[in-house]
Number of protein chains: 2
Amino acid sequence: MENPLQKRFAPAEIAEAEAFIDTNPEAPLDPRIERLVNDLIGRVADKWTLLVLELLEERGTLRFTRIAEQVEGISQKMLTQTLRQMERDGLVIRTVHPVVPPRVEYALTPLGNSLSAAFCGVWVWAERNLEAVEEARRRFDTRD
Amino acid sequence: MENPLQKRFAPAEIAEAEAFIDTNPEAPLDPRIERLVNDLIGRVADKWTLLVLELLEERGTLRFTRIAEQVEGISQKMLTQTLRQMERDGLVIRTVHPVVPPRVEYALTPLGNSLSAAFCGVWVWAERNLEAVEEARRRFDTRD
DNA sequence: TGCCATACGCACCAAGAGGTGAGAAATGGA
DNA sequence: TCCATTTCTCACCTCTTGGTGCGTATGGCA
């Protein structure tokens, strides 16, 4: 214990950790941009948004009740809210046909399609690693 | 009136919509798998999880307080919760050094790294389309 | 006459997410 | 002796999220 730090931390570990941090210095990102991106991700990475996005991507144009049927577990209120949000963000177009009873159709915009494509990798990951995650959970849950 | 629907809706629109749906028939996915994937997406597409994932990806190993400093706005409680969840899902490894005061380090597992890579496309999309989304919102907000 | 279908808006309420502040545990330093 | 440090857990409280049910417009239909 010639070094007082040895009493508190393992020096090798400290050195290792700090070396690692040094090799990965702070990225020179504009914090303003980063905040906006984080915000946007927070909006877009919503569970219902993701599910509706995927559904519209694979089915094309759908009307309100059709979406409600296919997105299992979503309430009418949440679906309305989600679609409004997506419309505001420019991800879907909402077409109202002035007929009785009302007929409203939703479809992805090119922006929505590009977002869906961007999420494609995540879906693939989820499918591919589902088993690994479940096993990790089992291992975590069955120990101390 | 061979089809009673014609009385209530514009036939051309119906035909168009149904043709569209026909070209995109139901995907033959196992609903059990799909439910699991949706569930996993719901877990993983959490705001804090995403931010922590990205941070660990670009900085490597970090200890608790470092993460708390860098992920702006996260509370201690949420950070603990998020890290536990990620550990349970096999996305991060948690290393406790039995020293005083405690030193706990977090790093991504290979699984975590692969998820981060899968989300890469989404980050790029967000950066690239930030402007488009903001403009869509302005347009939406300033009309009727 | 009265009911149905469709896509909502609104109001009310329960459940859960998340913030805050306290405390715990071990030890070197003032 | 007492404090600072670090990574939490726990209890309490607030605020948001989301579910449920009701209302609405309108024209065809039994």
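Computed from heavy atoms alone, side chains included, the values below leave out hydrogens, waters and symmetry copies. A note on names: the letters A, B, ... follow the listed sequences, proteins ahead of strands, and every chain is numbered from 1.
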For the side chain of A:Thr80, counting heavy atoms from C-beta on, which of D:dC8, C:dG18, C:dG9 is nearest?
C:dG9
A:Tyr106 vs A:Lys77, nearer the 5' end of DNA chain C by closest nucleotide
A:Tyr106
As a test of reading the structure: which of D:dG19, C:dA5, D:dC8 is closest to the side chain of A:Ser75, going by heavy atoms?
D:dG19
Using whole Å, what does the distance between atom C1' of nucleotide D:dT5 and atom NE2 of B:His97 come to?
16 Å
Ignoring backbone atoms, test whether B:Arg84 places a side-chain nitrogen or oxygen under 4.0 Å from the OP1 or OP2 oxygen of D:dT9.
yes
Please confirm whether the shortest side-chain N or O distance from B:Arg103 to OP1 or OP2 of D:dT7 is below 4.0 Å.
no
Round to the nearest Å and state the distance from B:Asp46 atom CG to C:dG16 atom C1'.
14 Å
In whole Å, what is the span from the CZ atom of A:Phe64 to the C1' atom of C:dA5?
14 Å
How many whole angstroms separate atom NZ of A:Lys47 from atom C1' of D:dT17?
13 Å
Just by modelled atom types, is the A:Arg138 backbone N or O under 3.5 Å from a matching donor or acceptor in the A:Thr142 side chain?
yes
Residue pairs fulfilling side-chain hydrogen bond (donor to acceptor under 3.5 Å, both in side chains) with at least one residue in residues 75-87 of chain A, sequence neighbours excluded
none
Rounding to a whole Å, what distance do you find between B:Glu87:CD and D:dT7:P?
15 Å
Nearest-Å distance for atom pair CG/C1', residues A:Leu83 and C:dG9:
15 Å
Look at the rings of A:Phe119 and B:Phe119 and say which category their plane angle falls in: under 30° parallel, 30 to 60° tilted, over 60° perpendicular.
perpendicular
With a 4.0 Å limit, can you tell me whether A:Thr65 has a side-chain N or O closer than that to the phosphate oxygens OP1/OP2 of C:dA7?
yes
May I ask you to decide if B:Ala107's main-chain N or O and B:Thr61's side chain share a donor-acceptor pair within less than 3.5 Å?
no
Position toward the 5' end of DNA chain D (nearest nucleotide), A:Gly73 or A:Gln76
A:Gly73
Rounded to whole Å, how long is the line connecting atom CE of B:Met78 with atom P of D:dC8?
14 Å
Of C:dT6, D:dC8, D:dT5, the nucleotide closest to the side chain of B:Val104 is D:dC8
N/O (side chain, A:Arg94) to phosphate O (OP1/OP2, C:dC8) under 4.0 Å
yes
For A:Leu62 and C:dA7, what is the distance between atoms CG and P respectively, to the nearest whole Å?
11 Å
Using only atom types and a distance under 3.5 Å, with no angle test, would you say the side chain of B:Asp46 pairs donor to acceptor with the backbone of B:Trp48?
yes
Shortest side-chain distance from B:Val100, nucleotide among C:dA26, C:dA7, D:dG18:
C:dA26
